[in-house]
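Report on the structure given below.
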Amino acid sequence: VSNRTRPLHVIFDTDIGSDVDDALALALLLGSPEVELLGITSVYGDTLLRARIASRLIALAAGQRAIPCIPGSQDTLTGRDIWWAGHEGSTMDDLQTEPTRDESAIGFLIRHAGDRQDLHVISTAPLTNLARAIQADPGLPQRVASLTVMGGAFGPTGDGRPEHNFASDPEAADIVIRSGIPLVLTGLEITRQLTMAQSEVDQITAAGPLGAALGREIDQWWKFNGEQWNVPHDPVAVLTLLTPELFSFEPKALEVDVAGAAPGTSRAASDPSASSRVVTGLDTSRVAEAIVERIIRAGTGPARG
Ligand SMILES: [Ca+2]
């Protein structure tokens, strides 16, 4: 349990529904007592469906209040093709009954940054909503406490391809990186140091209705990939905000390619004066434990007795 005296005010910006890791990241946030989740903004493709998926998972969590789920940008800044797995929402019945908030996601981000100097935004998706919010309100980067991002690749990743979130909307990543927003980036070379396999999934699936729903989402994602494991990219990035003591960070100047052979390709160079920090290492076993522990807490509620 954190020794913070005030809650962390968080907005979670997500492409939940495709890769299961956004759902795991949302559950992790719901199981984190130090977090006050102000809202979920969805992005990339069918964002109404994505907001409904988030709403369903929140409703299944133990003891949760209503948290607004707001459909955000469907298209990317330059109209690049949307990657859509096709299975989004298919493990959940009657999703059209889930409430979403009829408000601009970009306006929601700007409004909360204006209300509070202590807003922490977490993005585990293409950065379209954030880029549009910065375009609409160029003072936004100075009014948020931090922006935590799963995105980019800053070391060997094995396959030589740019990371999905940056590659899906590189122009948006470029705008965010250049904005001076206090950015903490977790790249693929960090997240790929962890995998979730059957033993973790068995524990999660046993954790109440939320755990069961996550179990179905994990199973669907494994079948889609033909694997018996997945990489929890987005939960790892969320933990860089909640448990920074489990990570090492370095200030780095960042670049992302918006043209050329592989748009979305990113680079980072050490720069003590940079406003951005890149995660350079992690305690893999403690991060893995924290992910499972917090997701279970979201499903079952705080320990009693
Ligand atoms: Ca994601």
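These figures come from a predicted structure and were not determined experimentally. For ligands, and for the atoms within them, numbers begin at 1 and follow the listed sequence.
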If you look only at pairs with a residue in residues 201-244, which of them pass as a ring-ring contact (aromatic ring centres under 6.0 Å, His included), with sequence neighbours excluded?
His87-Trp221, His87-Phe224, Trp221-Phe224
Just to be sure I understand the site: which N, O or S atoms from the protein are less than 3.0 Å away from the Ca ion (ligand 1)?
Asp15 OD1, Asp22 OD1, Asp22 OD2, Thr124 O, Asp234 OD2
Lys/Arg-Asp/Glu bridge criterion (N-O < 4.0 Å) met for Asp75, Arg132
yes
Arg50 and Ser18: side chain donor to acceptor below 3.5 Å
yes
Contacts of Glu250 that satisfy side chain to side chain contact (heavy atoms under 4.5 Å, CB included) - sequence neighbours left out
Lys252, Ser270, Thr280
With a 3.5 Å distance limit and no angle check, can you tell me whether Gln193 reaches the backbone of Glu189 through a side-chain donor-acceptor pair?
yes
Asp174: partners by salt bridge (charged side-chain N to carboxylate O under 4.0 Å, His left out), with sequence neighbours left out:
Arg178
